[in-house]
Asks: 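Before I ask anything, here is the structure I am working with.
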Amino acid sequence: SSSSSSSFLIKRNVSVGDGENTFDVRAMPKYIHRTTATNILWESRKESNLRPPGTQKDEKGLVFKAPSDSVQRIILPFASDLVLREQYVSPYGHIRIGRILEDLDAMAGSIAYAHVDDGDTTTRGLTIVTASVDRINLLGHLHPDVNLEMSGHVTWVGRSSMEIRLEVRSKASSESNHKENLILVAFFTMVARNPTTGKAAPVNYLKLETESEKKAFTQGEAHKQKRLEFAEMSLSKQPPTPEERLIIHDLFMLQQTLKSTTSTESSGNTITLESKSEQGHVDQYLSMTSSKRSTVILCQPQERNIHGKIFGGYLMRKGFEIAFSAAYLFCKSTPIFFAMDDVTFYKPVEIGDILTLDATVTFTSNQNFSELLQKYKGSGLRELQVMKEAVNDSNNSRQTIVQVEVIAKVDNPNLGKKETTNTFNFTFFCPENGQHEMIMPQTYGEAMKYLEGKRRVD
């Protein structure tokens with residue numbers, strides 16, 4: 001990377017950095033509820049990222065900046081730092097995905113700030129907010145005893161928005177036998193706003209010099225177009241396709257058949273249907289309503305970001321945790337995180353807001369690994385092979401893919417209204433447990449959620 005990039009190594013009781021951006025971990029953490037990595041990244045925003053020599057502002061006050069000008073990386077030495085590891089370890093002995101999401105959001109923000117900084121101390125700074133997360137693909141295991149490197153840079157810019165590509169890699173070290181490997185790839189869309197008016201503000205141009213930079217910019221354009229097309233085809237705007245209508249009708253007929261031929265349990269809005277296949281597998285169909293899990297959070301000032309709003313990374317972590325819990329309770333076996341996509345931030349969450357998170361299993365698919373590997377053949381992703389290794393099973397074992405939607409809403413008891421602030425979508429694998437839980441929509445609205453979930457999995 002260029003000399004203007006920032007690189008941070010977390011250590012204890014020493015000043016760390018690359019000589020230009022130095023931070024004393026003994027003074028950390030300023031934000032005691034955030035990870036050490038997020039604290040360092042937030043502190044790094046105070047450092048000036050000077051314009052390359054000879055770069056002049058245009059009539060709009062903007063400059064050209066190369067992707068390398070925004071490069072940042074940070075190393076998490078889990079293999080040697082047990083105190084740091086304790087911040088990230090899950091109840092199951094793995095690295096908490098939610099904590100990684102917090103750090104990714106903090107890094108995306110820091111990278112965006114580095115790009116919009118023109119190096120002029122007289123220029124009033126912009127406010128950067130997370131607009132969306134396109135997709136996060138898990139490509140490998142997150143081991144608690146393996147060092148991780150998080151890095152990223154700007155790959156595409158529009159008038160006021162920026163795409164940030166982030167990577168997490170495992171690092172080879174003397175403390176472990178693990179090799180360096182790409183673990184996770186994420187794409188964040190960040191938007192610049194005028195701090196006074198709150199309206200969209202123009203960002204600096206992106207100077208493309210290498211073929212890889214031009215290719216990444218083209219891919220960024222494609223990602224934007226895909227988001228627009230997916231939004232336009234949303235079932236809240238367009239009716240289901242003829243094929244999707246047949247799927248819903250088939251589910252309706254299956255429900256009628258199961259009600260008349262198998263054991264049925266019902267309680268309120270919950271209906272449980274069971275059937276046994278020729279291979280001896282028990283398929284249990286549960287209503288979508290029965291899969292719903294909710295939590296209510298009073299948003300405390302300790303969860304704020306540097307702008308005094310509730311930290312977006314914290315919201316993603318809480319969204320992941322309730323989605324994981326919903327998948328676990330639904331499957332009755334420990335789910336394995338597969339991917340996250342279409343995370344949308346509609347409006348900021350304020351300190352003192354009453355936030356409700358509703359997680360619902362919207363789609364399930366019961367397939368064996370050989371079918372899945374064939375279906376996604378040539379995709380260039382390693383998630384399926386990783387999941388296969390994680391459950392230590394054969395190609396012929398059946399696995400349940402579980403799609404979970406999480407909707408975050410803010411309640412205003414004084415006005416008596418509720419506003420949606422965020423939506424999250426997570427995909428999990430549930431290993432074989434002898435019983436296969438499948439979701440069954442019972443209303444037209446649930447059927448639309450089912451189809452949206454199917455689209456994301458497909």
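What you see is a predicted model, and the numbers here were worked out from it, not measured in a lab.
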Asks: Compute whether any side-chain donor of one residue and acceptor of the other, for Ser68 and Glu213, lie under 3.5 angstrom apart.
Replies: no
Asks: Check the orientation of Trp42 and Phe311. Use parallel for under 30°, tilted for 30 to 60°, and perpendicular for over 60°.
Replies: perpendicular
Asks: Could you list the residues that satisfy side chain to side chain contact (heavy atoms under 4.5 Å, CB included) with Gln225, not counting sequence neighbours?
Replies: Leu228, Glu229
Asks: Strictly below 4.0 Å, N to O, side chains only: are Asp134 and Arg227 in salt-bridge contact?
Replies: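 Counted as a salt bridge, because a side-chain N and a carboxylate O are separated by less than 4.0 Å.
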Asks: Taking only residues two or more places apart in sequence, or in another chain, which ones meet Arg96 in a side chain to side chain contact (heavy atoms under 4.5 Å, CB included)?
Replies: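 Arg96 satisfies side chain to side chain contact (heavy atoms under 4.5 Å, CB included) with Ser90, Arg99, Arg317, Glu321 once adjacent residues are dropped.
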Asks: Side chains of Glu163 and Thr189: donor-acceptor distance under 3.5 Å anywhere?
Replies: no
Asks: Taking NZ, NE, NH1 and NH2 as the nitrogens, is one of them in Glu350 or Lys309 under 4.0 Å from a carboxylate oxygen of the other?
Replies: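 Yes, charged N to carboxylate O under 4.0 Å.
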Asks: Ring-plane angle category for Phe424 and Phe426, please: parallel below 30°, perpendicular beyond 60°, tilted otherwise.
Replies: parallel
Asks: Under a 3.5 Å threshold, yes or no: a donor from one side chain and an acceptor from the other, between Ser234 and Ser236?
Replies: yes
Asks: Looking only at side-chain N and O atoms, does Gln87 offer a donor or acceptor that is under 3.5 Å from a partner on Thr36?
Replies: yes
Asks: Can you establish whether the number of heavy atoms outside His94 located under 6.0 Å from its atom NE2 is more than 12?
Replies: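 No - once you tally the heavy atoms of other residues, nucleotides and ligands closer than 6.0 Å, there are 12 at most.
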Asks: Looking at Glu244 and Arg455, does any basic side-chain N land under 4.0 Å from a carboxylate oxygen?
Replies: yes
